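Start at 1 and go down the list; that is how both ligands and their atoms are numbered. All values derive from a computational prediction rather than experimental measurement.
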Amino acid sequence: MGRQPLWRRVDFLPRVTYFKPAGVPLAHLQEVRLPIEEAEAIRLKDIEGLEQKDCAQKMRVSRPTFARILLSARQKMADALLNGKAIRIEGGNYEMTVRRFRCGSGHEWEVPFEEMIKEPPELCPTCSTPDIMVLRPWSASRGRRLRGR
Ligand SMILES: [Zn+2]
């Protein structure tokens with residue numbers, strides 16, 4: 001194995017990914033980009049209210065790394081909020097969790113969460129039965145690497 005980018009585990013993709021201040025003409029609008037893993041850091045720490053060590057564990061990074069990601073996210077949000085900039089949430093180095101499905105005939109397959117949002121599966125890809133169920137909604141132990149956009 002050669003060099004690999006550091007993937008941060010992410011359980012959630014925000015549905016709304018663009019925020020724009022009211023009353024700022026487009027020509028004057030500046031934008032800050034918040035990578036997905038920074039949005040996730042904010043979510044875990046500030047919305048879920050987890051301790052930093054637990055956040056770091058969930059994202060599979062060291063505590064100093066988590067602290068750095070969180071600080072960067074907060075600085076960008078403060079910059080956008082106080083300086084009237086738009087926020088675009090996209091990209092970054094992250095690993096999406098997947099949902100695992102099983103059909104009535106026992107076939108199992110995984111669907112990346114990102115894909116789930118766009119097009120939830122309705123049929124088994126192997127036998128085409130609509131009799132399918134989710135096995136593990138938020139897999140903690142399995143993930144599939146999806147490069148951020
Ligand atoms: Zn099947």
Side-chain angles (χ1 to χ4, degrees), residues 1-22 26 29 31-81 85-149:
M1 302 281 270
R3 286 181 308 124
Q4 288 205 331
L6 294 171
W7 299 92
R8 284 74 192 246
R9 181 61 67 102
V10 164
D11 277 345
F12 178 84
L13 287 181
R15 297 190 76 90
V16 175
T17 56
Y18 196 76
F19 297 85
K20 182 179 165 307
L26 206 61
L29 192 62
E31 203 176 276
V32 298
R33 182 177 152 278
L34 200 67
I36 297 291
E37 66 265 29
E38 292 188 11
E40 176 75 346
I42 289 279
R43 186 182 74 84
L44 293 173
K45 187 73 189 81
D46 295 335
I47 296 179
E48 301 278 318
L50 301 179
E51 297 293 331
Q52 286 213 10
K53 67 173 167 51
D54 298 324
C55 298
Q57 204 167 34
K58 272 187 176 288
M59 291 183 71
R60 301 195 175 175
V61 296
S62 66
R63 286 179 69 171
T65 297
F66 180 81
R68 191 170 48 72
I69 294 171
L70 183 67
L71 179 65
S72 171
R74 286 176 172 169
Q75 283 173 340
K76 286 175 186 173
M77 285 174 52
D79 178 32
L81 198 61
K85 298 179 183 177
I87 303 173
R88 181 185 296 280
I89 304 176
E90 68 174 11
N93 287 327
Y94 63 95
E95 181 181 59
M96 223 30 243
T97 47
V98 298
R99 283 191 171 185
R100 189 164 178 82
F101 286 82
R102 179 192 282 163
C103 82
S105 307
H107 303 122
E108 290 187 16
W109 71 101
E110 289 178 344
V111 180
F113 182 66
E114 201 170 49
E115 204 173 292
M116 282 268 316
I117 294 175
K118 288 187 220 143
E119 199 177 0
E122 290 173 0
L123 304 173
C124 170
T126 307
C127 67
S128 297
T129 177
D131 174 24
I132 64 174
M133 62 179 281
V134 177
L135 285 184
R136 272 160 282 176
W138 304 107
S139 169
S141 59
R142 286 168 169 274
R144 183 152 136 195
R145 280 171 184 172
L146 285 183
R147 197 172 288 272
R149 272 156 294 181

Colleague: How about L123 and I132: do any of their side-chain heavy atoms sit closer than 4.5 Å?
Modeller: no
Colleague: Within the 4.5 Å heavy-atom criterion, are L26 and K20 side-chain neighbours or not?
Modeller: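 Touching, per the 4.5 Å side-chain cut-off.
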Colleague: Could you work out, with side-chain hydrogen bond (donor to acceptor under 3.5 Å, both in side chains) as the rule, every residue matching D46, not counting sequence neighbours?
Modeller: R74
Colleague: Before accepting this row, confirm whether a basic side-chain N of the pair E40/R8 lies closer than 4.0 Å to the acidic partner's carboxylate O.
Modeller: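 Salt bridge flag = no for R8 with E40.
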Colleague: Report the distance from atom SG of C55 to atom CG of L50, rounding to the nearest 0.5 Å.
Modeller: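 Here the interatomic distance stands at 4.5 Å.
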Colleague: Counting only protein N/O/S, how many atoms fall short of 2.8 Å from the Zn ion (ligand 1)?
Modeller: 4
Colleague: Report yes if the side chains of K85 and D79 come closer than 4.5 Å at any heavy-atom pair, otherwise no.
Modeller: yes
